[in-house]
Amino acid sequence: MAENNTYYITTPIYYPSGKLHIGNSYTTIACDAEARFQRLEGKDVFFLTGTDEHGLKIEQKAEALNTTPKAYVDGMAEDIQKLWKLLDISNDKFIRTTDDYHEKAVQKIFQQLLDQGDIYLGEYEGWYSVSDEEYFTESQLAEVYRDQDGKVIGGKAPSGNEVELVKEESYFFKMSKYADWLLDYYQTHPNFIQPASRMNEMINNFIKPGLEDLAVTRTGFKWGVPILNDPKHVIYVWIDALSNYITALGYGSDDDGNFKKFWPANVHMVGKEIVRFHTIYWPIMLHALGLEQPDQIYGHGWLLMKDSKMSKSKGNVIYPETIVENYGLDALRYYLLKAMPYGNDGNFTPEDFISKINFDLANDLGNLLNRTVAMINKYEGGVIPTFQSSVNAVDKDLEDTAATTIKNYEELMNDLHFADALAEIWKLVARTNKYIDETTPWILARNDDDESKQKLASVMNHLAESLRVIAILIQPMMTQSPAKIFEQLGLDPKGLELNNLKFGMIPASTKVVEKGTPIFPRLDVDKEVEFLKNKMTKSDKKKGRAAMAETSKSQPVETDGKKEIRIEAFDKVELRVASVLEVGPVEGADKLLKFKLDAGDDQPRQILSGIAKYYPDPSVLVGKKVVIVANLKPRKMRGEMSQGMILSTENDGNVNVVMVDENHQNGDVLA
């Protein structure tokens, strides 16, 4: 049983099959904001994130890159941890499912479930999606492919990923045994799954139709945790991955102090696409192990791009590094937390992002700070006057607004309503800006009577006090701006304390900086929107090919006698721009050159090409932009992996690599 003053929050562990974009980053930023808030509340917090590193998809990815699975996930885990550092993530631990202590604990968990009869050996036959790491029945497929006789020969999972028929020996977890218990647990713990609509989905879509036993091992690949007494089986993703939430605390080891201290978790935060695994498989696993359930599982929505989920394959991705480098960390953190309504999908557009920076951050907050510092310097010699409560009705209203904001903010943050909490803070920002217009300090400053001087002093103090409160409240979401605000107000950043926060606590004789600096400079909208659009990964292939297909329907085409193909066949070929990083001969192969290319992938790609005799000095190709066939099935030649084909032309026995100019970006798809 976790101690009352502890708080344990987790992200899902991320599958390192590709570079993380801002949609992936949302969950970690949201968990970080909650962890920071709970620390400000005085809680002893344990914040966990990490990577889910096993599975067929990783094994295939590594093979395509001509490396080992371990080397591949080592590099990806390092990159993800660098990203979390860039995003100022305050996690207490980063778990990797390849960590030795985790694998040993998973083997113990599996053996316990097997020994007590919750796992049995059987045979699985069904449709499997490598991308989703998930099995599906025929009825669960979003689309099926049939042959001429009507037999199902393939299809697509609900995610849109292709499935393949798998038949193999497998161990199964008796999920069906616990269906009634789980349904009863839902009913007696109505806040267990949030938002409540997610619980209804689980009941209606998975439990009431009949909860099926779950295949939990595979024999078709080796990159996983082997069963101790049957090592041809590797423990399938969900027992391995889900167990991280307890193994990270030391469960199953000799050092389980953190498990005793922090379990059960207060919150598992996940994207809505993996709610089923966390609200059905995980609770049943814990129950079978005799462990307490987490307090809450929160399934947030997706960050959409024009009503479509952010995805590299859809060409609508933007990476957090781009945002932070060009607009600052706080702009990204603010936008993501503001853009995602509680439990629902959010939307990212370049226009909205730049608008939020200009209006919410630069104009509403940044300009409030600039005006306040300038007026305190102009009217009060740079010294913040001593607080006087309720000098007039408008002062009292601002104080009341601040008190209401603090109360509502704390309730909203405890309930994970980040967008609403930010909206509550911005009510105080708006009220403070309005307060300037209502009190007209520039008019009060013209009068030399004592009453006007007293009112002016109160106005200056109230403005500074509002900014102090605002800076303290935004700390969990915006990790850099609060200290900047305090610095310009002449306050010690050690005073950024949430406990017992109230109006009127600025120390006497506090002196603001002589000249404030905008913490959020205004941006040129058209310029920055265009910049962001150009930075998004592009995939215009379908659009261009669709137009070609439409044209081909109505216009006859003359040919030179070569065999014609339909536009659908050409549509299968992905031509992509890549720059040559390195090129050299292949040992023992006179005709082959080995290219290392940047084709917009997560890792450099290697292609072998039989053009050595045409480029006796292949170094002339380094730095050039070439065109590759990117979706050829990888193959080995002379012991080296080749991941595609470099296009070239032939004329009178001479071969020349096809090159494009510098205006084309690596990874651009030719359409």
Side-chain angles (χ1 to χ4, degrees), residues 105-129 132-140 158 166-193 198-219 224-230 233-247 251-252 259 263-265 268 270 274-297 299:
V106 167
Q107 289 173 323
K108 289 182 180 179
I109 289 169
F110 184 92
Q111 192 62 45
Q112 178 183 334
L113 295 172
L114 180 64
D115 291 344
Q116 65 192 36
D118 286 311
I119 288 178
Y120 63 92
L121 183 62
E123 185 175 76
Y124 179 83
E125 181 175 5
W127 300 101
Y128 178 70
S129 165
D132 298 310
E133 296 277 6
E134 187 176 354
Y135 293 106
F136 298 94
T137 62
E138 182 181 320
S139 63
Q140 291 173 326
V166 172
K167 183 177 181 179
E168 63 182 3
E169 184 180 86
S170 180
Y171 284 88
F172 288 80
F173 191 114
K174 292 181 180 178
M175 291 285 161
S176 56
K177 170 182 173 183
Y178 294 103
D180 291 341
W181 167 83
L182 184 62
L183 189 59
D184 180 68
Y185 191 85
Y186 286 173
Q187 293 169 346
T188 56
H189 298 79
N191 295 320
F192 178 59
I193 305 175
R198 306 264 189 259
M199 183 183 291
N200 296 331
E201 291 172 14
M202 297 305 106
I203 293 172
N204 295 326
N205 296 343
F206 300 105
I207 298 178
K208 283 187 176 179
L211 193 56
E212 297 182 352
D213 291 348
L214 178 68
V216 291
T217 66
R218 294 290 307 274
T219 58
V225 182
I227 297 175
L228 290 174
N229 297 324
D230 196 356
H233 286 264
V234 293
I235 298 170
Y236 182 58
V237 62
W238 292 112
I239 286 183
D240 178 15
L242 291 166
S243 296
N244 93 90
Y245 301 127
I246 53 177
T247 65
Y251 179 83
F259 178 76
W263 189 259
H268 290 319
V270 298
I274 54 174
V275 164
R276 169 159 59 110
F277 313 113
H278 286 79
T279 61
I280 295 179
Y281 302 165
W282 183 225
I284 288 176
M285 282 176 55
L286 288 169
H287 182 64
L289 291 169
L291 300 177
E292 292 181 85
Q293 300 296 323
D295 293 345
Q296 185 181 113
I297 297 167

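Quick note: residue numbers are just sequence positions, from 1.
- By the side chain to side chain contact (heavy atoms under 4.5 Å, CB included) test, Asn200 pairs with Asn204, sequence neighbours left out.
- Side-chain atoms of Ile246 and Phe259, non-hydrogen and from C-beta on, do get closer than 4.5 Å to each other.
- Side-chain contact between Arg276 and Tyr281 is present, with heavy atoms from C-beta onward closer than 4.5 Å.
- Within 6.0 Å of atom CG in Asp230, more than 12 heavy atoms from other residues, nucleotides or ligands are found, so the atom counts as buried in its surroundings.
- Among residues two or more places apart in sequence or in another chain, the side chain to side chain contact (heavy atoms under 4.5 Å, CB included) test is passed with Glu201 by Arg198, Asn205.
- Listed by chain and number, the residues in a ring pair (Phe, Tyr, Trp, His ring centres under 6.0 Å) with Tyr185 are Trp181, His189, Phe192 (sequence neighbours excluded).
- Remark: Asp213 pairs with Tyr120, Ser176 by the side chain to side chain donor-acceptor pair (under 3.5 Å) rule, at least two apart or across chains.
- Going from atom CG of Leu211 over to atom CE of Met175 covers 7.0 Å, rounded to the nearest 0.5 Å.
- Side-chain atoms of Val275 and Ile297, non-hydrogen and from C-beta on, never get closer than 4.5 Å to each other.
- Heavy atoms from other residues, nucleotides or ligands lying under 6.0 Å from CD of Glu212 number 12 at most.
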Worksheet entry | Working for side chain to side chain contact (heavy atoms under 4.5 Å, CB included), residues Ile119 and Ile239 | CA-CA 11 Å; Ile119 288 178; Ile239 286 183; 4.1 Å; yes

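- Gly122 and Phe172 get closest at one heavy-atom pair: C-CE1, 3.8 Å.
- Partner of Thr279 under the side-chain contact (heavy atoms from CB on, under 4.5 Å) criterion, chosen from Ile274, Ile193, Leu182, Ile284: Ile193.
- Remark: His278 engages Tyr245 in a side chain to side chain donor-acceptor pair (under 3.5 Å) (not counting sequence neighbours).
- Separating the OH atom in Tyr178 from the CD1 atom in Ile207 is a distance of 15.0 Å, to the nearest 0.5 Å.
- Note on residues 167-178: pairs passing salt bridge (Lys or Arg N to Asp or Glu O under 4.0 Å), not counting sequence neighbours, are Asp118-Lys177, Glu168-Arg218, Glu169-Lys232.
- Taking the six-membered ring for Trp and the full ring otherwise, Tyr171 and Phe110 have centroids separated by under 6.0 Å.
- Taking all atoms of both residues into account, the shortest heavy-atom contact from Ala105 to Tyr251 is CB-O, 3.6 Å.
- Within the model, atoms CG of Leu289 and CG of Leu113 stand 4.5 Å from one another, a figure rounded to the nearest 0.5 Å.
- Panel note: side chain Trp263, backbone Glu292; a donor-acceptor pair is recorded below 3.5 Å.
- One finds the CD atom of Gln107 at 14.5 Å from the CD atom of Gln112 (value rounded to the nearest 0.5 Å).
- Here the closest heavy-atom approach between residue Ala215 and residue Ser170 is recorded as CB-OG, 3.5 Å.
- Looking only at side-chain heavy atoms (C-beta outward), Met285 and Ser243 come within less than 4.5 Å of each other.
- Between the CH2 atom of Trp127 and the CD atom of Gln140 there is a distance of 13.5 Å, given to the nearest 0.5 Å.
- A donor-acceptor pair under 3.5 Å links the side-chain atoms of Asn244 to the main chain of Ala241, judged by distance alone.
- How far OG1 of Thr247 is from CG of Asp240: 8.5 Å, rounded to the nearest 0.5 Å.
- Looking at Ile235 and Val216, their side chains never come closer than 4.5 Å, going by heavy atoms from C-beta outward.
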